[in-house]
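As the structure is a computational prediction, the values presented were derived from the model and not from experiment. In the text below, chain A, chain B and the rest are named by the order of the sequence lines, each starting its count at 1.
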Protein chains: 2
Amino acid sequence: MSESSKSPQQPPPPVPTSADVARRAGVSRATVSYVLNNAEAVRISEPTRRKVREAAEELGYVPHAAARSLRAGHTRIVLLPTPHVPIGPLYSTFLNELQWALRRLDYTVVQYGSLGLSGDEAVRAWAELRPVAVISLGEITLTSHNVATLKRAGARAVITMGPVGVPGAHALVMDQQEVGARAAAHLVERGRRRIGVVVPREQGLELFSAPRLAGARSVAGAEVEVLPMAYAEESAAELAARWRGLGLDAVFAYNDEYAMLLMRALQDEGLRVPEEVAVIGADDLLVGRLLRPRLSTVRIEMPTGDHLASLVDYAVREPSEVTERHDLMAAEAVHREST
Amino acid sequence: MSESSKSPQQPPPPVPTSADVARRAGVSRATVSYVLNNAEAVRISEPTRRKVREAAEELGYVPHAAARSLRAGHTRIVLLPTPHVPIGPLYSTFLNELQWALRRLDYTVVQYGSLGLSGDEAVRAWAELRPVAVISLGEITLTSHNVATLKRAGARAVITMGPVGVPGAHALVMDQQEVGARAAAHLVERGRRRIGVVVPREQGLELFSAPRLAGARSVAGAEVEVLPMAYAEESAAELAARWRGLGLDAVFAYNDEYAMLLMRALQDEGLRVPEEVAVIGADDLLVGRLLRPRLSTVRIEMPTGDHLASLVDYAVREPSEVTERHDLMAAEAVHREST
DNA sequence: ATGCGGTGGTTACACGTGTCAATGACTCGT
DNA sequence: ACGAGTCATTGACACGTGTAACCACCGCAT
């Protein structure tokens, strides 16, 4: 009694294997494998084919992916380490698109949060899955040692997307500096000099915001002031309240969402946009056009998901030791009414 | 020569296995396994432990997840079939949150696009991964046969999130009708009668928009008119242009983004909001508060990612045959200025 | 009878891991 | 000196699959 009552749940019934199918069809396991994979090299008579198929159907047999890829020696897994902060709408639709494009090429996308792990630990965890490719989005900056670990674990392509390349990996260099530079240049062109740059208070966005800031700084004729701000109405209001004391005539916000937030707060303070202060964001979100005045922005030419996916596919087919660098992401300022 | 030149790329060096580690450390493979998994049942002397660890380190050994879970007989994979349309910011941040929460509980999240596959085919593909749990978001509506297939393949929990439950699965019923009902009720309360309901032209959102529409229809005293609209300025402008002919005094848009788009177009047509037409959206996006007038909305009480993740974890630990139904997602109208 | 080619199927191994049961070495108490 | 214990280590199997190599059979020409 103590035995039977110690656990109320009986063990689940075993999952049917190809051996079960074989038994039921009265053939060998090899035959089952040949039939179910439509092997052309081996000839199997039509009657047995039918028997096998029926048996598989009746048992509800589904092959075991892990066993299969163990045997095969490789997987079709593409690992996609995910940032834990929502990067923004532009990025997340891009990610979704990429995901689908990869799926279309018959890859399996595995998302992997790095959690609290250190870089090396995270990379080890990734390597355990034996992914055929890894696409790092830049939250974790890979060292060349990390790349080596992944390749040793069978990864045929390691692709980094970020502001800077990594030795040994395909680098999709997305130069965020360009974004800041275009924004600042646009403002300078329009006669502004003292430019505030809004930097998110939120953690995890430095990788994007820092280069954007640096880009703005690099523009001749612009005096840049750093303005930390959180993505919340109160933070924007607080910043707007002390605006007149700052002596600025323009502001470049991290992206359109921050820009919209701040612009609204500035207007509530009685400041006129663009007369007293010019506002420009980035990402060219649709909603930016709904405000009065319409928000000027920097449009970023992201690669399409399909494009990146086919690049991944290419890199997998033709792995190379050399560091290939692809410069992506052109940027251009879009003038609307807020500047 | 023809042999060596037919393929320019030499086969990649083999991935180090635990056997390699054992050889290098001068011990058996079993010992390696015990050391690297910190087995407590078996005692291994400190010197050998060191030797093994060093050998593993030098070789850059990383265990093979597939082999491990094959041996173990189960995985920690949670399958997350992903919709191919961006559902909206509210949903995608929720997904991201869920993803991280699951990771924290040591699950591996696998995204899987269903592609062009039929429901049954897609489910088979999922089952191949032997996931311990499947969270279906409603794009593919599971049949009870599908649920059975997944459970037979070892899934301990199948969870559906959508407007309706599925036999055999844990159902997180997110009653989108409630959203529409609250919106319409809010409008009726404020004296409006002839209500337009904006339905997205985009494919794939019917699962959300249809119940929201139905909910609006269910409210006594409301006359509902369906207004298809795409998420683009031109579409909104086109709708606004013929607005006066429609004889409506209020509009409930699918979500805040559509609402903002339409509201702006209506204003451009010279219509006064809320005097001539009341506008309400859904999702309570931050940007909705930046417009003039501030956008009224329906706030949706989504379960937090952590909450859902721990429910998944619970369901995995205590699988039950019965269909458990959890009603989630309360909704309430938030009055701002546009109604 | 003997060889021979084609047909339809099976036997046997490998993939990389975790773990049970067994083995050998060494110490201790009588 | 010898059985009784610890302690450290190992050999062997199982997990589910794909596939190369092999085998039995049949018809047919030598």
Enquirer: Can you give me the N/O atom pairs linking the protein to nucleotides 4-7 of chain D at distances under 3.5 Å, or say none if there are none?
Expert:
residue, atom, partner, partner atom, Å
D/dC7, OP2, B/R43, NH1, 2.8
D/dC7, OP2, B/R43, NH2, 3.4

Enquirer: Test side chain to side chain contact (heavy atoms under 4.5 Å, CB included) on A/L172 and A/I159 and set out the steps.
Expert: CA-CA 7 Å; A/L172 300 192; A/I159 294 164; 3.9 Å; yes
Enquirer: Kindly state which residues belonging to residues 44-52 of chain B come within less than 4.0 angstrom of DNA chain C, counting heavy atoms of the residue only, listed by number.
Expert: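 Of all residues in residues 44-52 of chain B, none places a heavy atom under 4.0 Å from DNA chain C.
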Enquirer: Nearest heavy-atom pair of A/L142 and A/S136: which atoms, and what distance?
Expert: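 In terms of heavy atoms, the two residues are closest at CD1-CB, 3.9 Å.
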Enquirer: Hey, does the side chain of A/R49 reach the backbone of A/N38 with a donor-acceptor pair shorter than 3.5 angstrom?
Expert: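 Such a contact is absent between A/R49 side chain and A/N38 backbone.
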Enquirer: To 10°, what angle do the rotation axes through the five end pairs on each side of the helix from C/dA1-D/dT30 to C/dT30-D/dA1 form?
Expert: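 Computed angle between terminal axes is 80°.
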Enquirer: Quick one, which residues of residues 62-71 of chain B touch DNA chain C with a heavy atom under 4.0 Å?
Expert: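 Output list: B/P63, B/H64, B/A67, B/R68, B/R71.
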Enquirer: Within the structure provided, determine whether B/I135 and B/V78 are in side-chain contact (heavy-atom separation under 4.5 Å).
Expert: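 With C-beta onward as the side chain, the pair touches.
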Enquirer: I need the minimum non-hydrogen distance between B/V158 and B/A155, along with the two atoms involved.
Expert: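 Between these two residues, the closest heavy atoms are CG2-CB, 4.5 Å.
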Enquirer: Given side chain to side chain contact (heavy atoms under 4.5 Å, CB included), test B/T75 with B/T108 step by step and report yes or no.
Expert: CA-CA 9 Å; B/T75 70; B/T108 299; over 6 Å; no
Enquirer: Could you tabulate the donor-acceptor pairs under 3.5 Å formed by side-chain atoms of residues 66-73 of chain B, not counting sequence neighbours?
Expert:
residue, atom, partner, partner atom, Å
B/S69, OG, B/A65, O, 3.4
B/S69, OG, B/A66, O, 3.3

Enquirer: By the 4.0 Å heavy-atom rule, please label B/T17 as base, sugar-phosphate, or nothing.
Expert: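 Result for B/T17 = sugar-phosphate.
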Enquirer: Under 4.0 Å between a Lys/Arg side-chain N and an Asp/Glu carboxylate O for A/R317 and A/D313?
Expert: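 Judged by the 4.0 Å cut-off on N to carboxylate O distance, A/R317 and A/D313 do form a salt bridge.
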Enquirer: Which is true for A/T31 with a 4.0 Å heavy-atom rule: it touches a base, it touches only sugar-phosphate, or it touches nothing?
Expert: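 Base contact - A/T31 has a heavy atom under 4.0 Å of at least one base atom.
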Enquirer: For B/A72 and B/V42, find the nucleotide of DNA chain D closest to each by heavy atoms; which residue's nucleotide sits nearer the 5' end?
Expert: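 Between the two, 5'-proximity favours B/V42.
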Enquirer: Calculate, to the nearest 0.5 Å, the distance between atoms NE2 and CG belonging to B/H64 and A/L129 respectively.
Expert: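 It is 9.5 Å, given to the nearest 0.5 Å.
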Enquirer: In whole angstroms, how far is the P atom of D/dA14 from the CZ atom of A/R29?
Expert: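 It is 14 Å, rounded to the nearest whole Å.
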Enquirer: Between A/T149 and A/N146, is any side-chain donor less than 3.5 angstrom from a side-chain acceptor?
Expert: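 Side chains of A/T149 and A/N146: no pair found under 3.5 Å.
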Enquirer: Going 5' to 3' on DNA chain C, which nucleotide is the first and which the last to come under 4.0 Å of a heavy atom in chain B?
Expert: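 Using the under 4.0 Å cut-off, the span is C/dG16 to C/dC20.
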Enquirer: In Å, rounded to the nearest 0.5 Å, how long is the span from CH2 of A/W126 to CD of A/E121?
Expert: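 Separation between the atoms: 12.5 Å.
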Enquirer: Locate the shortest heavy-atom distance separating B/A101 from B/G305; write the atom from each residue and the value.
Expert: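 Looks like CB-O, 3.7 Å.
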Enquirer: CD1 of B/I77 to CZ of B/R130: how many Å apart, nearest 0.5 Å?
Expert: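 Answer for the CD1-CZ pair, B/I77 versus B/R130, is 11.0 Å.
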Enquirer: Step by step, would you call A/T82 with B/W100 a side chain to side chain contact (heavy atoms under 4.5 Å, CB included)?
Expert: CA-CA 9 Å; A/T82 42; B/W100 272 86; 4.1 Å; yes
Enquirer: B/S33 near the nucleic acid: base, sugar-phosphate alone, or nothing, with a heavy-atom cut-off under 4.0 Å?
Expert: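 Result for B/S33 = base.
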Enquirer: Kindly give the heavy-atom pair with the smallest separation between A/R124 and B/Y61, and that separation in Å.
Expert: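 Closest heavy-atom pair between A/R124 and B/Y61: NH1-O, 3.3 Å.
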